[in-house]
Structures are given as structure tokens and as C-alpha cells.
Engineer: 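One structure coming up, written as C-alpha cells, with questions to follow.
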Amino acid sequence: MAQSAPFTRRRKLIVKRYRPLLHAAIAALAVIVAGPAPAFAEETAIVEAQAPLIVTDIAGREVKLSAPVKRMLLGEGRQLYLIASLEPEDPLARIVAWRNDLIEADPATYAQYLKAFPGLAKLTAFKGSEDSLVDIESAIIQKPDVVLLNLETMRANEDAKFVEKLAALDIPVLYIDFRHHPLENTEPTIRLLGKIMGREARAEEIIAFRYKAMARVRDVLAEHNPPRPKVFIERIGGYSDDCCLSFGAENFGNYVELAGGHNIGSDIIPATFGQLNPEQVIAANPDHVVITSADWEAYVPGGYWIPLGPGAGPQVTRKKLEWFPARNAYTGIAAQKTRNFHGIWHQFYNSPYEFVAVQQLAKWFHPNLFDDLDPDATFAEYHRRFLPIDYQPGYSVSLSDSP
């Protein structure tokens, strides 16, 4: 699902909502601790194999934990994208609970992992939103070695003193980030998880792969320095009727610049996420419109969203994309006349896979320069080398390459 309103708009509501549950869970833990000690022979063996480790998370916090971690609670289910890259033989062996967003926001990928690891269906799942607290009861009952939270949850956690309360129970929290500053924070996040999981060498292999994939675009643009087309990114296209949600200079806005385009949202939106009105889009007259979308049947049944993702059929996704050029915000713009409308998998905005999006954008913006670039082949190779699931195309679609 897409990034919601800024932190300050909802943090008081979040804190008010979770405070009673937090207090109840802490009280319940006191009863558990006071009761008879269960026999955890297997867990004791795991603990004895661990050693104290101090790491610095993406928020700059020094955190002490026992490593390699064996029991992780994922504050966002899509963190599995990286966990599985680092531990492909059995990523579930290290996960004790997760938020259910992957199930709902990326059902095709969930189905792939469920087929490969049927035990995923039994994994404790909890609801929540991207900038809210995790389920405190799961965090206590599952006794994780670490809780992984997205950077955007910091405000809510600070107000609720969530981290301090978990620390009192010897449950450390680490902040990671693929969403707000992905080009800055993704590699440190990969290294951080590689370190706590004892997979540092593999983390460096992933980083090297990403660097090489990005260089395929960067080096060509540096050599030719082509004119930059104006680009409008319609964020979460089809998820709601709002127009026109977009990105500022970060996330997909940054991907556009790295791909040799100019993101018009960067001129107007001061933060990572924001909104333009239709008149601003028309006045900017973008040469390309890129729709970020996905299969959101769980959120908006029968909506105008494009079901992009693994296995998506090109005829279906192209038909859904055909609806967008008729929106009022695109009346008479250059992209409408040339049919330079493109759809791309929304989850590239919140994963370690943004190098695929940059390659695909570059191919759309500069087809002559990147005629031999194949983003599908790049992502397929990543799957072969790092992931436990097979690659299935379906992550992008365009009207410019159709009759």
C-alpha cells in the first residue's frame, strides 16, 4: 500500500489507539514471567550460539543485540524481499511474526513464497499501517531477537515510548529504510541485516550486483548526456480517485533523475510524497507519465489499478493502463499525444530492487540509447542468484510500444 499522510497528522491518534493495548500487554508479560519457567531447551542452544553485537541502525541509534539473530519480527511484511535475498534456503527460519501488508499489497509474490514455503501460512501476522506501531502482543509473546521497523514509524514509537518499553524486556529495535531515502539508505540497510544475520559476504554480493545494474544506466547517460524529458509520476495509480499523488525529489522522483529524466514533482513537492493538482500537471506538460500501481484487490476491489507484479499478463495490464490517458490532468499534454504512458510495479518504491525500476525508466525515456538494456533479464538474474523463487515477468507495461 502507498505511503500515507505525514507523520504529524496521525501520531496522536496512533498513540491513543495503542496505549491501552501496550499497557495490557506489559501486564500480561508480568504474569508470564512470574509463572513456571517452560522448557526451552532448543531456544537455549540457539542463545548459546549467539554473541553480543553492537550495531548502528539507519536512524543512527546504537543498538546491542545477540547475533546472529534467529527470531526476527518484521514491522513490515515486504521486508521479506531482503530477508529472502540474504537467507534464500529458508527465510522463514528466522522470522517469527510479520505485518500482513505483503499478503494484501503484493499477493502474487506472497503466492510464490507460499508455494515455496507452505509454513508461511502459519506465520503469526498482524495488521497495521506503514507509520504505526507493530503489534505489541506479538512482540512480547514471540520473544524476538530483534524487531525491524521502517524509519517512518519513529515518530509514533517515540511518542508511545515503544522502543524503551521493549528494551526493558530485552527486545531490541532496529530502524531500516527502503522508502524515504532509498538511494541513500538501501545499501546500509542491506549491510545492517547482513551483519545481524551473519550474512555479511552475501550482503556485499547483493550490493555489488545493484551497483553494476545501476552503472548500466549511469555510464551511458554520462557518456551521451541526452536531453532530459519531463516526467510525471502518478503514485498509486488507480488506488483512489485522488489526483495527482506523486513523488518529490526522493524515491521514484530520484529514480526518474537517475534514469535521465526530469521529475516535475521535484519542482513542487518538498517531501518524499505529495500531491499536484491537475492544472499543475497540464502546465508542466510532461513528455512521459509513469503510473506506479499493483494488484490492490484487497484494498480497492475492482478499482482502476493495474495488477502489475510477477506473472501479470501483458494484455490485462495494457488494457488497464489505457484508462489513464483520459484523466483530466492529462488533457492535451505531450505524453497524451505520443502515448508515452507507462505502468510500473509500485513495490519498487519499497524494496531493494529499485535498480530494476531505474533500468526500465531509462529504457522508456531514451529508447535509442538503451536498446540493448533488458530490465527483465536483470531482474531474472537477481532471482537466480539471490532469491528462492523463480522469476516471472509482469512488472511493467507501456502504451508507447503497442499499436
Engineer: So Thr317 and Lys320, side chain to side chain contact (heavy atoms under 4.5 Å, CB included) or not? Walk me through it.
Structural biologist: CA-CA 5 Å; Thr317 56; Lys320 297 282 293 225; 5.7 Å; no
Engineer: Do you know the tightest heavy-atom contact between Pro286 and Val231?
Structural biologist: CB-C, 4.2 Å
Engineer: Is a side-chain donor or acceptor of Asp145 paired with a backbone partner of Arg71 at a separation under 3.5 angstrom?
Structural biologist: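 Answer holds: yes.
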Engineer: Could you tell me if the side chain of Asn100 sits less than 4.5 Å from the side chain of Tyr110, heavy atoms only?
Structural biologist: no
Engineer: Looking at residues at least two apart in the chain, or sitting in another chain, which of them share a side chain to side chain contact (heavy atoms under 4.5 Å, CB included) with Asn328?
Structural biologist: none
Engineer: Can you tell if the side chain of Pro107 reaches within under 4.5 Å of the side chain of Glu297, non-hydrogen atoms only?
Structural biologist: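 No - every pair of side-chain heavy atoms lies 4.5 Å or more apart.
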Engineer: Between Asn350 and Tyr81, is a side chain to side chain contact (heavy atoms under 4.5 Å, CB included) present by the stated rule, with each step listed?
Structural biologist: CA-CA 9 Å; Asn350 185 35; Tyr81 299 145; 5.8 Å; no
Engineer: For Asp177, what residues pass the side-chain hydrogen bond (donor to acceptor under 3.5 Å, both in side chains) criterion, not counting sequence neighbours?
Structural biologist: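 By the side-chain hydrogen bond (donor to acceptor under 3.5 Å, both in side chains) rule, Asp177 matches Asn185.
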Engineer: Applying side-chain hydrogen bond (donor to acceptor under 3.5 Å, both in side chains), name anything that partners His262, two or more places apart in sequence or on another chain.
Structural biologist: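 Applying side-chain hydrogen bond (donor to acceptor under 3.5 Å, both in side chains) to His262 gives Glu257, Asp267.
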Engineer: Sequence neighbours left out, what passes side chain to side chain contact (heavy atoms under 4.5 Å, CB included) with Ala67? Give chain and number order.
Structural biologist: Leu53, Leu65
Engineer: For a ring pair (Phe, Tyr, Trp, His ring centres under 6.0 Å) with His288, tell me which candidate from Phe232, Trp364, Phe365 qualifies.
Structural biologist: Phe365
Engineer: Can you list everything that forms a side-chain hydrogen bond (donor to acceptor under 3.5 Å, both in side chains) with Tyr330? Sequence neighbours excluded, please.
Structural biologist: Glu234
Engineer: Just so I know, are the side chains of Tyr382 and Ile206 near enough to count as touching, which here means a heavy-atom distance under 4.5 Å?
Structural biologist: yes
Engineer: For Asp376, which residues count as a side-chain hydrogen bond (donor to acceptor under 3.5 Å, both in side chains) partner, sequence neighbours excluded?
Structural biologist: Tyr391
Engineer: Are Trp305 and His346 close enough that their ring centers fall under 6.0 Å?
Structural biologist: no
Engineer: Honestly, is Arg235 close enough over Phe247, meaning NZ or CZ under 6.0 Å from the six-membered ring centre and within 45° of the axis?
Structural biologist: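 Yes, cation above the ring, under 6.0 Å and within 45°.
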Engineer: May I ask you to check whether over 12 heavy atoms, not counting those of Asn285, lie within 6.0 Å of atom CG?
Structural biologist: yes
Engineer: Over 60° means perpendicular and under 30° means parallel, so classify the ring planes of Phe273 and His180, tilted if in between.
Structural biologist: perpendicular
Engineer: So, Asn150 side chain and Glu76 main chain: donor-acceptor pair closer than 3.5 Å or not?
Structural biologist: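 A pair under 3.5 Å: no.
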Engineer: Is the backbone of Val356 close enough, under 3.5 Å, to the side chain of Tyr395 for a donor and an acceptor to pair up by distance?
Structural biologist: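 Flag not set: sc Tyr395 to bb Val356 has no pair under 3.5 Å.
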Engineer: Hey, what do you get for CG (Leu174) to CG (Leu151), rounding to the nearest 0.5 Å?
Structural biologist: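 Leu174 atom CG to Leu151 atom CG measures 12.0 Å (nearest 0.5 Å).
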Engineer: Looking at Glu104 and Tyr299, would you say the former's side chain and the latter's main chain have a donor-acceptor pair under 3.5 Å?
Structural biologist: no
Engineer: Can you sort out the partners of Arg218 under salt bridge (charged side-chain N to carboxylate O under 4.0 Å, His left out), two or more places apart, ordered by chain and number?
Structural biologist: none
Engineer: Is any NZ, NE, NH1 or NH2 atom of the basic residue among Glu200 and Lys195 found under 4.0 Å from an Asp or Glu carboxylate oxygen of the other?
Structural biologist: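 Looking at Lys195 together with Glu200, the answer is no, because their closest N to O distance does not fall below 4.0 Å.
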Engineer: Work out which heavy atom in Leu92 is nearest to a heavy atom in Gly119; give both atom names and the distance.
Structural biologist: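 Nearest pair, atom of Leu92 first, then Gly119: CD1-C, 3.8 Å.
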Engineer: Assess whether side chain to side chain contact (heavy atoms under 4.5 Å, CB included) is satisfied between Glu381 and Phe209, documenting all intermediate values.
Structural biologist: CA-CA 10 Å; Glu381 183 183 357; Phe209 184 95; 3.6 Å; yes
Engineer: Just to verify, what does Asp57 make a salt bridge (charged side-chain N to carboxylate O under 4.0 Å, His left out) with, not counting sequence neighbours?
Structural biologist: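 Scan of Asp57 (salt bridge (charged side-chain N to carboxylate O under 4.0 Å, His left out), adjacent residues dropped) gives Arg61.
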Engineer: Would you find a donor on one side and an acceptor on the other, under 3.5 Å apart, between the side chain of Arg94 and the backbone of Val69?
Structural biologist: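 Judged by distance alone, yes, a pair lies under 3.5 Å.
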Engineer: Can you name the nearest heavy-atom pair linking Ala213 to Thr378, along with the distance?
Structural biologist: CB-CG2, 4.1 Å
Engineer: State, yes or no, whether a side-chain contact exists between Leu193 and Ile83 at a heavy-atom distance under 4.5 Å.
Structural biologist: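 Counting from C-beta outward, Leu193 and Ile83 do come under 4.5 Å.
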Engineer: Quick check against the 3.5 Å criterion: does Lys230 have a side-chain atom that pairs as donor or acceptor with the backbone of Ala284?
Structural biologist: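 It does hold such a pair.
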Engineer: Could you pull out all residues at least two apart from Glu62 that satisfy side chain to side chain contact (heavy atoms under 4.5 Å, CB included)?
Structural biologist: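 Glu62 satisfies side chain to side chain contact (heavy atoms under 4.5 Å, CB included) with Ile54, Thr56 only.
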Engineer: Decide if the gap between the ring center of Phe252 and the ring center of Tyr255 is smaller than 6.0 angstrom.
Structural biologist: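 Centroid distance Phe252-Tyr255: below 6.0 Å, so yes.
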Engineer: When you look at Met214 and Leu183, which way does the side chain to side chain contact (heavy atoms under 4.5 Å, CB included) test go after all the steps?
Structural biologist: CA-CA 11 Å; Met214 295 288 276; Leu183 273 300; 3.7 Å; yes
Engineer: Atom OG in Ser85, atom CG in Leu387: separation rounded to 0.5 Å?
Structural biologist: 4.0 Å
Engineer: Quick one: pull up CG in Asp219 and NZ in Lys212 and give me the separation to the nearest 0.5 Å.
Structural biologist: 12.0 Å
Engineer: Any sub-3.5 Å donor-acceptor pair from Ser246's side-chain atoms to Ile233's backbone N or O?
Structural biologist: yes
Engineer: Is the shortest heavy-atom distance from the side chain of Met72 to the side chain of Gln79 under 4.5 Å?
Structural biologist: no
Engineer: Measuring only between side-chain heavy atoms, which start at C-beta, is Val63 closer than 4.5 Å to Val173?
Structural biologist: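 Of all side-chain heavy-atom pairs linking Val173 with Val63, none is under 4.5 Å.
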Engineer: To check you understand the geometry: which heavy-atom pair defines the closest contact between Val358 and Ala259, and what is its length?
Structural biologist: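 Scanning both residues, the minimum pair turns out to be O-CB, 3.6 Å.
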Engineer: CZ/Phe341 to OG/Ser400 distance, rounded to the nearest 0.5 angstrom?
Structural biologist: 11.0 Å
Engineer: Is the backbone of Gly260 close enough, under 3.5 Å, to the side chain of His366 for a donor and an acceptor to pair up by distance?
Structural biologist: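 Here the side-chain-to-backbone pair exists.
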Engineer: For Glu187, which residues count as a salt bridge (charged side-chain N to carboxylate O under 4.0 Å, His left out) partner, sequence neighbours excluded?
Structural biologist: none
Engineer: Supply the atom-to-atom distance Leu80 CG to Phe117 CZ, rounded to the nearest 0.5 angstrom.
Structural biologist: 8.5 Å
Engineer: Please report the closest heavy-atom contact between Gly343 and Leu308, naming both atoms and the distance.
Structural biologist: C-CD1, 3.5 Å
Engineer: Using salt bridge (charged side-chain N to carboxylate O under 4.0 Å, His left out) as the criterion, list what pairs up with Arg199, not counting sequence neighbours.
Structural biologist: Glu87
Engineer: Restricting to side chain to side chain contact (heavy atoms under 4.5 Å, CB included), what partner residues turn up for Gln275, sequence neighbours left out?
Structural biologist: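 Result, side chain to side chain contact (heavy atoms under 4.5 Å, CB included) vs Gln275: Asp242, Leu245.
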Engineer: Under the 3.5 angstrom rule, does the side chain of Arg78 hit a backbone N or O of Leu102 as a donor-acceptor pair?
Structural biologist: no
Engineer: State, with a plain yes or no, whether a side-chain heavy atom of Pro182 is found less than 4.5 Å away from one of Tyr349.
Structural biologist: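 Counting from C-beta outward, Pro182 and Tyr349 never come under 4.5 Å.
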Engineer: Hey, could you give me the CZ/OG distance between Phe379 and Ser396, rounded to the nearest 0.5 Å?
Structural biologist: 11.0 Å
Engineer: Closest approach of Lys363 and Asp372, non-hydrogen atoms and distance?
Structural biologist: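 Heavy atoms of Lys363 and Asp372 come nearest at NZ-N, 4.5 Å.
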Engineer: Between the main-chain N or O of Ile141 and the side-chain N or O of Lys143, is there a donor-acceptor pair closer than 3.5 Å?
Structural biologist: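 A pair under 3.5 Å: yes.
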